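For reference, the structure is listed below as structure tokens.
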Amino acid sequence: MDFKIAVLPGDGIGPEIALWGVNVMKAVCEKFGHKVSFTYAPVGAVAIEACGDPFPPETLKVCEEADAVLFSAVGDPKYDNDPTAKVRPEQGLLAMRKQLGLFANIRPVETFRCLLDKSPLKRELVDGADFVCIRELTGGMYFGEKFESDERAYDTNAYTRTEIERILRVAFDYARRRRRHLTVVDKANVLASSRLWRRVAQEMAPDYPDVTTDYMYVDNAAMRMIQEPKFFDVMVTENTFGDILTDEGSVISGSMGLLPSASIGEKTPVFEPIHGSWPQAKGKNIANPLAQVLSVAMLFEYFGCAEEGALIRRVVAESLDQGITTPDLNPASTYGTREVGAWLISRI
Ligand code: IPM
Ligand code: MN
């Protein structure tokens with residue numbers, strides 16, 4: 001293949017981990033005889049500093065012209081602590097999702113055997129847990145009508161049938177390729193939007209007779225995820241619930257630094273770690289590059305390059321088995337971002 005990749009390193013530790021996503025992609029392409037080229041574009045706080053816009057039109061153009069986007073992270077404490085800020089780095093991420101039509105966010109929660117003791121849950125609960133959360137990404141409260149004054153504020157959680165159907169289709173298809181168990185997570189006992197989700201899901205379920213579909217309220221799902229994570233195979237939910245549940249899901253594996261994600265939809269797909277920009281770690285060579293590297297594995301797999309993806313997963317697992325890890329996984333480790341990255345390349 002001939003890959004044209006847009007690289008959006010963003011803020012904080014973003015550029016440090018983007019480097020290893022790019023290096024791993026180069027090494028794998030070389031090994032398998034693919035061509036690859038990278039075009040860099042600003043997003044988040046760095047883009048605000050440069051031009052006042054966290055997702056400038058030139059960055060959109062670079063994304064639209066690419067086969068895939070490798071995204072790292074956005075966010076800067078300067079804006080977090082200023083509720084009056086007119087523009088925020090996170091708006092860059094939201095604008096990218098909306099403008100590329102990325103309605104489906106796929107967040108796998110996998111566990112690594114050698115890290116089981118890092119999980120806050122008991123080993124026997126986590127060992128073998130393996131599920132995927134499909135989060136709706138361009139609707140709901142994130143994008144619904146908003147109002148904000150000193151006395152009153154609201155966000156609207158609006159969903160159309162079309163928006164619900166297309167994300168459910170992604171989820172049913174995913175379940176088909178896995179263990180054929182789909183859990184639709186909602187709050188249909190309280191929310192009108194959730195009742196529409198449930199109704200549409202119940203209408204679609206008979207088209208997927210090979211998939212066992214069940215329905216769970218989000219509060220119950222949050223509990224079940226820590227009581228019995230192995231219950232889940234594929235879960236699908238709306239934007240805000242998905243945001244919260246996937247952070248919960250990420251700690252099950254022992255470190256947020258390990259989980260990649262894919263966002264797909266109408267235009268160029270985006271592959272990114274689920275962790276944030278960790279500004280305190282910027283420039284210290286301590287950020288864990290693995291979630292970014294695993295997002296490159298997801299990228300290859302998306303394009304049908306299963307062997308390439310498998311190779312990346314194998315070297316990542318090997319690095320963990322051999323203790324070649326950043327300090328988030330082992331405080332005594334002498335390996336930093338660069339050393340882990342270089343080790344992975346040497347194994348590829
Ligand atoms: C995520 C992040 C974003 C979200 C923020 C940075 C806007 O938390 O990707 O989960 O809330 O969607
Ligand atoms: Mn989040």
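None of these values were measured; they are calculated from a predicted model. Just the heavy atoms: all of them, side chains too, but no hydrogens, waters or symmetry mates, feed the values below. Start at 1 with the first residue, then count along the sequence. Just follow the structure's listing: the first ligand is 1, and inside any ligand the first atom is 1.
Side-chain contact between Pro260 and Gln292: absent, with no pair of heavy atoms (C-beta onward) separated by less than 4.5 Å. With a 4.5 Å cut-off on side-chain heavy atoms, Val24 and Ile345 count as touching. Ile134 is listed as a side-chain neighbour of Val234, based on a closest heavy-atom distance under 4.5 Å.
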After noting the C-alpha distance and the side-chain angles of Asn285 and Glu339, does the key distance pass the side-chain hydrogen bond (donor to acceptor under 3.5 Å, both in side chains) rule? CA-CA 9 Å; Asn285 194 36; Glu339 289 73 25; 3.1 Å; yes

Phe231 vs His181, test: ring pair (Phe, Tyr, Trp, His ring centres under 6.0 Å). Steps then yes/no. CA-CA 9 Å; Phe231 171 82; His181 175 201; 5.0 Å; yes

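Excluding waters, the count of protein N/O/S atoms less than 2.8 Å from the Mn ion (ligand 2) comes to 1.
Comment: Glu203 does not engage Arg199 in a salt bridge, judged by the lack of any side-chain N to carboxylate O separation of less than 4.0 angstrom. A salt bridge is absent between Arg180 and Asp233; no separation between the charged side-chain nitrogens and carboxylate oxygens falls under 4.0 Å.
Ligand 1 is surrounded by Glu90, Leu93, Arg97, Arg107, Arg135, Tyr142, Asp243, each with at least one heavy atom closer than 4.0 Å.
Ring centroid separation for the pair Phe3 and Phe300 comes in under the 6.0 Å cut-off. Between Tyr159 and Trp197, the ring centre distance stays below 6.0 Å.
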